Amino acid sequence: MSRDHLQPATCGSAEAPYLDLLARDASVEAYEQPVLRARAEGEPAGRIAALEQARALALRVRAELEGRRRREAELSALFETAHDLASLRDLDAVLQAIVQRARSLLGTDVAYLSLNDPVRGDTYMRVTEGSVSARFQQLRLGMGEGLGGLVAQTARPYVTDDYFKDDRFQHTLAIDTGVRDEGLVAILGVPLMLGPHVIGVLFAADRRARVFEREQIALLGSFAALAAAAIDTANLLTETRSALARLERANEIIRDRSGVIERASEVHDRLAELVLRGGGVHDVAAAVSQVLAGTVEFTEAAAAPAGALEASRAEAHAVRHGGDWIAAVTAGGELLGALVLRGHPGLDPVDQRTLERAAMVTSLLLLARRSAAEAEQRVRGELLDDLLDARDRDPRLLRERASRLHADLAATHVVLAARLDGPAADADEEAAARRRLWSAASHLAATRHGLAAARDGGTVLLLPLGAGDTATEVARRTARHLGTAVHQPVTVGASAPVTDLARHPETVAAAYAEGRRCLDALRLLGRSGDGAAAEDFGFLGLLLAGERDIAGFVDRTIGPVVSYDERRGTELLRTLDAYFEGGMSPARTKDALHVHVNTVAQRLERVGRLLGGDWQTPARALEIQLALRLHRLAAPGPR
């Protein structure tokens, strides 16, 4: 039996132990055992290589699953915290839950929250989780002291991977003693903001050196925003109760306020239910519209009133703008858009807070959608990278991976090379523009059931070719779409159509090389911001094509004439040869063919109907003569 027949079975048996490990959620160390066992038992080198390849793939799948579980856990914790906040009854319980979840999700030894004491002019520990030192739990810090003082002073997150070696903040004996008593080394602190004011700091800390990632800083910032909102809500409830106690008509106001608060609680519960059911941003807007008896819409940041939007973000509250209310939708300092309440100029504080809570839930939904989109973009890019590098040659596995992304490798595709052509002020601006190009290309690939990846300073796309579509049309559409998305010219070169990519992944790399050659040709010809394929360059396409598609060039140029001669036994090709050899003179042509000049005229008229009325223009005539010469060279028999 041949090696080709044995390969699928070998691959299948190599994957089996790793599928079992994935199903059991085994540790990373367990994935080494099948290879070690095979080596110990003296298995053939091919078997060991197959096991190593299956191990690498299984570890990638395991890492992706772990990443998704982690993201799901983070979002679930944020949603649960938002729900706790919506049904706020005990501030201590909510803050304790926030600190516990922050510690669990960031995987730190300790998490704690400090609040400013405006009466005493210092900061004190409010909630701790994982702390073992009584002295640390009772610390009071002067304003501006320690890492927390730096966070409060700048209103920005700060992180240190080694607290005692960091001289960016003021060390004091009391703070250093408490930190040393707790055994902390790496500390991350993010501010708790109420409008422009810092009211405290949320910390996550480890008893060993550690580098906190950007995503972890953003996550702790989200928890800090929820903690600040919980404190703000508690303060608002306290103020409301105090005001009600001082009013003469206490019973009437209490009934009215109770109804409003219950309505707000109902809204919060509905929002939490929407999130859990997988609702979208517009579902949240619709739910709040019903409760507030107005029209609530989500708008992009660019479409909202700039002054009101900036005021809402700075104050962390909804602000009035004419007859509307604007609530900024933010996450970790990033402005994502706004909720606009129309037709409701009079808004009581609880309804205002309802709008603000809806904006917070909207930001969580947008972050979740972005996280899912980025994960899908990475997976699409990894599959296209594997096709370009021909690393994974198992057709079944390639088809399965593509199917999970709603891509069909059996369909006819075009490989496109895209590159920015606008000037960049500096390296940072150029890098940002490239990220925008990759993001736009990834979105286009997802909507077209294709793939996209960043490569060679630009982007490569693999898009399916629709019925009646051509590589040129796809290239031009893609150039226009990406140029509009990134607001600067994007040049796109396309390959000839390619098929059966699962069985022949190497064709993707060859097609990409052809697309890049077309891209370079467009830029040399001064056609930046345009799209084209090799077929658009006529006989120059022969120079651009990686495989020199001579037969395709001849067929595109004089194919109708060749087919006509074959079907009818005419001599149009011979007449064309004589016509061009005679300097395009009908008189010299009839002498060379020994026919009447009217016969020559009739044949040339037939050629014009087959090739188009512009066949004698200089550019077309040059291509036709080259195609005739190539056709003669390719014909069997003496030349």
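Sequence positions, counted from 1, serve as the residue numbers for this chain. This is a predicted model, so every value here is computed, not measured.
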Decide side-chain contact (heavy atoms from CB on, under 4.5 Å) for Leu188 and Leu106; before the verdict, give the C-alpha distance in whole Å, the side-chain angles of both, and the deciding distance to 0.1 Å.
CA-CA 11 Å; Leu188 164 63; Leu106 270 67; 4.2 Å; yes

Would you please test Asp408 and His449 for side-chain contact (heavy atoms from CB on, under 4.5 Å) and show each step?
CA-CA 8 Å; Asp408 182 10; His449 305 294; over 6 Å; no

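Formation of a donor-acceptor pair under 3.5 Å by the Gln216 side chain with backbone atoms of Glu213 is found in this model. Side chain of Ser563 to backbone of Pro560: no donor-acceptor contact under 3.5 angstrom is found.
Taking each heavy atom of Leu416 and Ala475 in turn, the nearest pair found is CD2-CA, 3.6 Å. Counting all heavy atoms, side chain and backbone alike, Gly529 lies closest to Ala479 at O-CB, 4.0 Å. Nearest heavy-atom pair, Cys518 versus Ala533, reported as atom, atom and distance to 0.1 Å: SG-C, 3.7 Å. Nearest heavy-atom pair, Ala452 versus Ala441, reported as atom, atom and distance to 0.1 Å: CB-O, 3.7 Å. Arg210 and Gly107 make their closest contact through NH1-O, 3.3 Å (heavy atoms, listed as atom of the first residue, atom of the second, distance). Of all heavy-atom pairs spanning Leu465 and Ala471, the tightest one is CD1-N, 4.1 Å.
Summarising the geometry, atom CG belonging to Leu622 is positioned 9.5 Å from atom CD1 belonging to Ile624; distances are rounded to the nearest 0.5 Å. Note that CG of Leu420 and CG of Leu482 are 9.0 Å apart. Values are rounded to the nearest 0.5 Å. For the atom pair His413 NE2 and Leu451 CG, the distance stands at 7.0 Å (nearest 0.5 Å). Atom CZ of Arg620 sits about 6.0 Å away from atom CG of Leu611, to the nearest 0.5 Å. To the nearest 0.5 Å, the span separating CD on Glu623 from OG1 on Thr557 amounts to 5.5 Å. To the nearest 0.5 angstrom, Ser222 atom OG is 12.0 Å from Ile217 atom CD1.
Ala432 is linked by a side-chain contact (heavy atoms from CB on, under 4.5 Å) to Arg435, Arg436, counting only residues two or more places apart in sequence or in another chain. For Arg477, the side-chain contact (heavy atoms from CB on, under 4.5 Å) criterion is met by Arg448, Asp469, Glu473, Val474, Arg480, not counting sequence neighbours. Partners of Ser312 by side-chain contact (heavy atoms from CB on, under 4.5 Å), not counting sequence neighbours, listed by chain and number: Val319, Ala328.
At a threshold of 4.5 Å between non-hydrogen side-chain atoms, the residues Leu519 and Arg419 count as touching. Within the 4.5 Å cutoff, no side-chain heavy atoms of Val414 are placed close to those of Leu463. By the 4.5 Å heavy-atom criterion applied to side chains, Asp456 and Arg516 are counted as neighbours. At a threshold of 4.5 Å between non-hydrogen side-chain atoms, the residues Val498 and Thr412 do not count as touching. For the pair Tyr512 and Glu514, the minimum side-chain heavy-atom distance is 4.5 Å or more. In this structure, the side chains of Leu461 and Val415 stay at 4.5 Å or more apart for every pair of heavy atoms.
With Ile326 as the fixed residue, the side chain to side chain contact (heavy atoms under 4.5 Å, CB included) test singles out one of Val340, Leu341, Leu339: Val340.
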